Number of protein chains: 2
Amino acid sequence: MRPSALLKGCLEPIVLQMLKEHGRMYGYQLTQQVKELTKGELSITEGALYPLLHRLEAAGVLETTVEQMDNRMRKYYSLTRSGKKQAELSQHALTTFIENLQSIFHQPKTAS
Amino acid sequence: MRPSALLKGCLEPIVLQMLKEHGRMYGYQLTQQVKELTKGELSITEGALYPLLHRLEAAGVLETTVEQMDNRMRKYYSLTRSGKKQAELSQHALTTFIENLQSIFHQPKTAS
DNA sequence: TAATAATACCTAAGCAAATTAGGTATTCCG
DNA sequence: CGGAATACCTAATTTGCTTAGGTATTATTA
C-alpha cells in the first residue's frame, strides 16, 4: 500500500474545511496552503483537486468567480449556502471517523 | 461521496493494529471486533477484508494456522516478525496522518 | 420443524476517487 | 536564456473499496 492511500476519501472534507476557514480560495492556493499547514507532509495533487472542484461546483456546493492577476487567471471558489451545510456535515463525518480510529488505536493493551 | 469513503486506505493499518493488540485473530472475528470497538459506526466488509488478508499473507506480513470449531473452520492470522515492523510503520503513518488532518481542522479562525 | 439468522470462509464484477503523466500559458529568478 | 514557480486543465490508469453473490455448518425462533 502506498502511504498516500490514506488520503483517499479525505480530500473533499479537506477542501470544504479550507474554504470554510479561509473564505474564497483558488485551486493552486489550496494545494499550497495544505502543504504549508502540514509542513509538506500532506500534498493534494492537482489531478485530484481540479476534477473535485468541478464536481462540487456542478453539484451547487461551490461557486466561482474568475479574476485576472498579471494576465494569469485565478478561479476563486467559495461555499454556497448549501455548501456551508455540506461542510458542516463533512467535518462532522471526518471527526467521528477519527474518533473511531482512535478507539481502535488507543485501546488498552490486552494480555496476549 | 459515500460516507464510508473515508475508510479507504485505513483498512490495512486497522487490521495490523488489531492483530498487534489481540495476537492471533480470524477474519470474521476481526469484522465483529471492529464493529464492537466503534459501536457499530465502522464496519469492515468481508469483500475487502479477505483479499487484504490474503495479500498480506502472500507478502509475508501475516502467517496462518487453521483450526476446527464444531466442523466450522477458523483461519487464524498473526503478525510475522516483519509484520510487527510493518504494523509499527503503518500505525505511525496513520498517527501522523491524523495529526495532519487536525492541523487542517483545528486551525484558528481567521478573519474573513 | 422449517425457515432464518449467525458463524465462517471465499470470489468476481463494478465503481469511485485517487495517481500518473501529460498539456497550455505566463511570470519570476539566476 | 532556461528553468522554476504560478495557474489552469484533462485523460488513462491504478487502487481499494462496495456490491453481490457463492458454500457450509450451527443456533435461534416462529
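Throughout, a chain's letter reflects where its sequence line sits, starting with A, and its residues are numbered from 1. The shown structure was predicted, so the numbers you read here are calculated from the model rather than taken from an experiment.
Here A/Arg72 lies in heavy-atom contact (under 4.0 Å) with a base. Among the atoms of the strands shown, none is found under 4.0 Å from any heavy atom of B/Gln29. If you check every strand for non-hydrogen atoms under 4.0 Å, A/Gly47 touches a base.
The interatomic distance linking A/Ile44 (CD1) with D/dC9 (P) rounds to 14 Å, in whole Å. For the pair A/Gln32 CD and D/dC8 C1', the interatomic distance rounds to 13 Å; values are reported in whole Å. We find that CG of B/Asp70 is positioned 15 Å from C1' of C/dC9, with the value rounded to whole Å. The CG-P distance, from A/Leu42 to C/dA18, rounds to 12 Å in whole Å. Between A/Leu52 atom CG and D/dC9 atom P the separation is 12 Å, expressed in whole Å. Taking atom CZ on A/Arg24 and atom P on D/dA7, their separation rounds to 13 Å, with Å as the unit. Nucleotide D/dT25 holds its P atom 18 Å from the OH atom of B/Tyr26, rounded to whole Å. The NZ-C1' distance, from A/Lys75 to D/dT6, rounds to 17 Å in whole Å.
Side-chain N/O atoms of B/Tyr50 include none lying less than 4.0 angstrom from OP1 or OP2 on C/dT11. For D/dT10, the OP1/OP2 oxygens have a side-chain nitrogen or oxygen of A/His54 closer than 4.0 Å. In terms of phosphate contacts, A/Tyr28 brings no side-chain nitrogen or oxygen within less than 4.0 Å of OP1 or OP2 of D/dC8.
Note: B/Tyr77 and B/His54 have tilted aromatic rings, judged against thresholds of 30 and 60 degrees for the angle between ring planes.
Sequence order on DNA chain C of the closest nucleotides to B/Glu46 and A/Arg55 puts B/Glu46 first from the 5' end. Comparing A/Pro51 and A/Arg74 along DNA chain D, the residue whose closest nucleotide (by nearest heavy atom) sits nearer the 5' end is A/Arg74.
Between the CD atom of A/Glu12 and the CG atom of A/Leu56 there is a distance of 5.0 Å, given to the nearest 0.5 Å. We find the CG-CD1 distance between B/Leu42 and B/Ile14 to be 5.5 Å, quoted to the nearest 0.5 Å.
Checked against C/dT26, C/dT11, C/dC9, the side chain of A/Asn71 finds its nearest nucleotide in C/dT26. With C/dC9, D/dT25, C/dA18 as the candidates, the nucleotide lying closest to the side chain of A/Ala48 is C/dA18.
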Chi angles and distances behind the side-chain hydrogen bond (donor to acceptor under 3.5 Å, both in side chains) call for B/Thr96, A/Glu41: CA-CA 9 Å; B/Thr96 63; A/Glu41 285 175 8; 5.0 Å; no

Show the numbers, then the answer: is there a side-chain hydrogen bond (donor to acceptor under 3.5 Å, both in side chains) between B/Gln32 and B/Glu36? CA-CA 6 Å; B/Gln32 301 306 304; B/Glu36 231 182 78; over 6 Å; no

